[in-house]
Amino acid sequence: NISNQLTDANMASGSVLQVVQGTTSTTVTQTSTSFADTGLTASITPSSSSNKIFVMVNQGYRLHDATYYAGASIKLLRGSTIIYYASSGTAEYYPYYESPQGSSNNVNVYNYFPLNYLDSPSTTSEITYKTQQRSYGGSSISTQNGGASSTIILMEISGWPIL
């Protein structure tokens with residue numbers, strides 16, 4: 001009987017079981033040093049608590065400051081739990097730009113924030129992933145600036161089979 005051979009439980013470890021995508025093109029501007037939602041979100045319900053979720057983020061932004069530097073941070077959350085955040089002063093702090101001409105020049109950068117993260121949520125309940133942003137030192141960050149599209153893709157990856 002081969003009708004039940006391709007169930008999630010019988011898939012090889014590392015198989016992709018489901019893919020979910022979230023997109024937004026609504027501009028969200030942040031000038032505060034407090035984190036705020038960017039509007040980029042997606043939800044997935046794992047079929048096994050041993051499975052992992054591979055999160056891929058590609059978030060467009062504009063970073064601006066009227067002086068010589070501009071800085072901001074974007075973090076990834078599962079529900080209300082921070083699962084990725086590179087704080088100021090770390091090697092992964094991103095995005096940060098400095099004008100080579102000195103303090104009389106504006107910084108105005110358009111780019112995409114890329115992030116790949118393999119999460120182990122250990123649940124079979126629905127989980128929501130989202131990004132948040134903040135600026136530093138008077139800078140502003142505008143995700144989805146001018147209607148640019150940002151995406152978050154969630155892939156459920158099978159864990160070790162339970163025998």
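Everything numeric in this text was worked out from a predicted model, so none of it was measured.
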Heavy-atom closest pair, residues [X] and [Y]:
{"X": "G60", "Y": "S150", "value": "N-OG, 3.0 Å"}
{"X": "L76", "Y": "Y117", "value": "CD2-CB, 4.0 Å"}
{"X": "Q18", "Y": "T45", "value": "NE2-O, 2.8 Å"}
{"X": "I152", "Y": "A42", "value": "CG2-CB, 3.7 Å"}
{"X": "I141", "Y": "A72", "value": "CD1-CB, 3.7 Å"}
{"X": "P121", "Y": "D119", "value": "CD-O, 3.4 Å"}

Given 3.5 Å as the limit, does a donor-acceptor pair link the side chain of [X] with the main chain of [Y], or not?
{"X": "Q133", "Y": "V28", "answer": "yes"}
{"X": "E156", "Y": "S47", "answer": "yes"}
{"X": "S50", "Y": "G159", "answer": "no"}

Can you give me every donor-acceptor pair (side chain of residues 29-36, partner residue at least two apart or in another chain, under 3.5 Å) with its distance?
from, atom 1, to, atom 2, distance (Å)
T29, OG1, S142, OG, 2.8
Q30, NE2, S34, O, 2.4
S32, OG, S34, N, 3.0

* Asked: Are M155 and L118 co-members of a hydrophobic cluster defined by side-chain heavy atoms under 4.5 Å apart?
  -> yes
* Asked: Is L63 reachable from Y110 through a run of I, L, V, M, F, W or Y residues, each pair having side-chain heavy atoms under 4.5 Å apart?
  -> no
Only counting residues at least two apart or in another chain, list the ones meeting side chain to side chain contact (heavy atoms under 4.5 Å, CB included) with [X].
{"X": "A148", "answer": "Y112"}
{"X": "S43", "answer": "E126, T128"}
{"X": "S139", "answer": "D65, A70, S135"}

* Begin from the C-alpha positions of T143 and L40 and carry the test side chain to side chain contact (heavy atoms under 4.5 Å, CB included) through to its verdict. => CA-CA 9 Å; T143 46; L40 184 60; over 6 Å; no
* Going by the salt bridge (charged side-chain N to carboxylate O under 4.0 Å, His left out) test, which pairs reach into residues 27-56, not counting sequence neighbours? -> D37-K130
To the nearest 0.5 Å, how far apart are [atom1] in [X] and [atom2] in [Y]?
{"X": "L77", "Y": "I83", "atom1": "CG", "atom2": "CD1", "value": "7.5 Å"}
{"X": "I153", "Y": "Q21", "atom1": "CD1", "atom2": "CD", "value": "4.5 Å"}
{"X": "R62", "Y": "T27", "atom1": "CZ", "atom2": "OG1", "value": "10.5 Å"}

* What's the verdict on side chain to side chain contact (heavy atoms under 4.5 Å, CB included) for N145 and Y61, showing C-alpha distance, side-chain angles and the deciding distance? -> CA-CA 6 Å; N145 186 71; Y61 66 87; over 6 Å; no
* Between L115 and V55, is a side chain to side chain contact (heavy atoms under 4.5 Å, CB included) present by the stated rule, with each step listed? -> CA-CA 8 Å; L115 173 65; V55 183; over 6 Å; no
* To do: Side-chain contact test, heavy atoms from C-beta onward, threshold under 4.5 Å: evaluate it for T123 versus S49 and give yes or no.
  => no
* Output all residues satisfying side chain to side chain donor-acceptor pair (under 3.5 Å) with R134, sequence neighbours left out; order by chain, then residue number. => none
* **Steps toward side chain to side chain contact (heavy atoms under 4.5 Å, CB included) verdict (I44, Y129)** => CA-CA 8 Å; I44 193 168; Y129 292 87; 4.2 Å; yes
* Side-chain H-bond candidate by donor/acceptor type, T23 with S149, under 3.5 Å -> no
